[in-house]
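Since the structure comes first, as structure tokens, the remarks are kept for the end.
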Amino acid sequence: MIDSRTRYRQYLHCDLAAYELAPWRHAYRLTHRQANWHRLLRRAEYYANTSAGGPLNRLLATWTLYRYLAFSERLGYTVPLNVFGPGLSIAHKGTVVINPDVRAGRNCRLHPDCTIGDRGGASPVLGDEVWVAAGARILGAITIGDQAAIGANAVVLQDVAAHTTVAGIPARVVSQHGSIGMLRGVDEAAALGQD
């Protein structure tokens with residue numbers, strides 16, 4: 001959780017590393033739309049978690065949240081605040097729907113048209129370095145282990161062990177390799193410390 005300016009910078013650094021980008025540059029507003037979106041996400045999380053101050057801080061928090069929501073809508077993302085750890089990477093613009101009760105670890109990679117959501121009143125928990133392919137659906141009170149990979153168009157309704165690849169409808173184990181080698185920026189992001 002981003003609860004200080006230092007944590008904000010660490011999260012943003014990890015997110016940019018997942019896209020293989022250098023530290024934040026204003027040019028990213030035009031050249032890397034996902035990086036700009038990440039900056040707004042992390043800034044909105046920072047203000048939501050720390051803005052107990054005066055009216056100026058509350059105004060800044062409201063303005064940042066408005067900009068974040070407007071930009072999310074343009075990209076097709078429905079990603080609530082304080083769900084993902086550092087190093088989040090979304091491959092392309094397109095529909096990404098995440099339930100606010102989902103909890104995800106570090107260095108997750110999402111592709112368009114994926115849904116991670118509620119089923120029966122409970123939401124999934126994703127470990128570190130999870131890779132979710134295009135069209136995947138992860139639903140219910142399940143746990144996705146560290147370095148797991150979810151195949152394209154998979155429907156995951158049961159727990160997935162660490163270092164495992166699942167695919168199909170319903171999802172079943174197809175490999176014991178998981179997400180190893182699929183994620184970018186993981187080593188640099190992991191060096192910044194734990195939550």
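If you read the sequence from its start, that first residue is 1, and numbering goes on from there.
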Original post:
Quick one: is the NZ or CZ of Arg5 closer than 6.0 Å to the six-membered ring centre of Tyr46, and within 45° of its axis?
Top reply: yes

Original post:
Nearest 0.5 Å, what's the OG-CD distance between Ser89 and Glu20?
Top reply: 9.5 Å

Original post:
With sequence neighbours left out, what residues match Ser123 under side-chain contact (heavy atoms from CB on, under 4.5 Å)?
Top reply: Asn99, Asp101, Val102, Asp118

Original post:
Should Leu88 and Tyr19 count as side-chain neighbours, where that means a heavy-atom distance under 4.5 Å?
Top reply: no

Original post:
Got a second to check how far Ile2's CD1 is from Asn82's CG, nearest 0.5 Å?
Top reply: 7.0 Å

Original post:
Can you get from Leu81 to Leu59 by hopping between Ile, Leu, Val, Met, Phe, Trp and Tyr side chains that sit under 4.5 Å apart?
Top reply: no

**OP:** Give a yes or no on whether the backbone of Met1 and the side-chain of Tyr11 come within a donor-acceptor separation of less than 3.5 Å.
**Re:** yes

Subject >> Residues in salt bridge (Lys or Arg N to Asp or Glu O under 4.0 Å) contact with Arg137, at least two apart in sequence or another chain >> reply: Asp113

Original post:
Are Ile150 and Ile144 close enough that some pair of their side-chain heavy atoms sits under 4.5 Å apart?
Top reply: yes

**OP:** Check whether Val97 and Val132 end up in the same hydrophobic cluster, where Ile, Leu, Val, Met, Phe, Trp and Tyr are linked by side-chain heavy atoms less than 4.5 Å apart.
**Re:** no

**OP:** State, yes or no, whether a side-chain contact exists between Thr165 and Val173 at a heavy-atom distance under 4.5 Å.
**Re:** no

**OP:** Find the distance between CD1 (Ile98) and OG1 (Thr115) and round it off to the nearest 0.5 Å.
**Re:** 7.5 Å

Original post:
Of the non-hydrogen atoms in Asp128 and Gly105, which two are nearest, and what is the gap between them?
Top reply: OD1-CA, 3.3 Å

Subject >> Residues that Thr6 engages under side-chain contact (heavy atoms from CB on, under 4.5 Å), provided they are two or more places apart >> reply: Ser4, Gln10

Subject >> Minimum heavy-atom distance between Ala141 and Ala122, given as atom pair plus value >> reply: CB-CB, 3.3 Å

**OP:** Without swapping roles, check the side chain of Gln147 against the backbone of Glu129 for a donor-acceptor pair under 3.5 Å.
**Re:** no

Subject >> Nearest-0.5 Å distance that lies between atom CZ in Arg42 and atom CG in Leu12 >> reply: 8.5 Å

Subject >> Pairwise ring pair (Phe, Tyr, Trp, His ring centres under 6.0 Å) hits with a residue in residues 82-118, at least two apart >> reply: His111-Trp131

**OP:** Could you list the residues that satisfy side-chain contact (heavy atoms from CB on, under 4.5 Å) with Phe71, not counting sequence neighbours?
**Re:** Arg33, Asn36, Trp37, Leu40, Arg74, Leu75

Original post:
Does the His38 side chain pair with the main chain of Gln34, one donor and one acceptor, at a distance under 3.5 Å?
Top reply: yes

Original post:
If you link I, L, V, M, F, W and Y whenever their side-chain heavy atoms are under 4.5 Å apart, who else ends up in the same group as Ile169?
Top reply: Leu139, Val155, Leu157

Original post:
What residues, two or more places apart in sequence or in another chain, satisfy side-chain hydrogen bond (donor to acceptor under 3.5 Å, both in side chains) together with Asp3?
Top reply: none

Original post:
Can you find a pair of side-chain heavy atoms, one from Tyr8 and one from Asn49, that are under 4.5 Å apart?
Top reply: no

**OP:** Treating Ile, Leu, Val, Met, Phe, Trp and Tyr as nodes and any side-chain heavy-atom pair under 4.5 angstrom as an edge, say whether Leu65 and Leu60 lie in one connected cluster.
**Re:** yes

Original post:
For Val174, which fellow cluster members are found when Ile, Leu, Val, Met, Phe, Trp and Tyr are connected by side-chain heavy-atom distances below 4.5 angstrom, either directly or through intermediates?
Top reply: none

**OP:** Without swapping roles, check the side chain of Thr164 against the backbone of Ala162 for a donor-acceptor pair under 3.5 Å.
**Re:** yes

Subject >> Residue pair Leu41 / Glu45, side-chain heavy-atom distance below 4.5 Å >> reply: yes

**OP:** Specify the closest pair of heavy atoms between Ala136 and Gly151, including all atoms of both residues, with the distance to one decimal.
**Re:** CB-O, 3.8 Å

Subject >> Donor-acceptor pair between Thr64 and Arg43 side chains, under 3.5 angstrom >> reply: no

Original post:
Which residues, ordered by chain and number, are linked to Trp63 in its hydrophobic cluster, where ILVMFWY side chains connect at heavy-atom gaps below 4.5 Å, directly or through other members?
Top reply: Tyr66

Original post:
Just by modelled atom types, is the Arg39 backbone N or O under 3.5 Å from a matching donor or acceptor in the Tyr68 side chain?
Top reply: no

Original post:
Is the side chain of Asp146 donor-acceptor paired with the backbone N or O of Gly127 at a distance under 3.5 Å, no angle test?
Top reply: no

**OP:** Can you measure from CZ (Arg172) to CD (Gln158) and round to the nearest 0.5 angstrom?
**Re:** 13.0 Å

**OP:** For Ala171, check side-chain contact (heavy atoms from CB on, under 4.5 Å) against everything at least two apart and list the hits.
**Re:** Ala154, Val156, Val166

Original post:
Can you tell if the side chain of Val96 reaches within under 4.5 Å of the side chain of Ile116, non-hydrogen atoms only?
Top reply: no

**OP:** Measure across Gly94 and Pro112 and return the closest heavy-atom pair with its distance rounded to 0.1 Å.
**Re:** CA-CB, 4.3 Å

Original post:
Do the side chain of Asp159 and the main chain of Ile142 share a donor and acceptor less than 3.5 angstrom apart?
Top reply: no

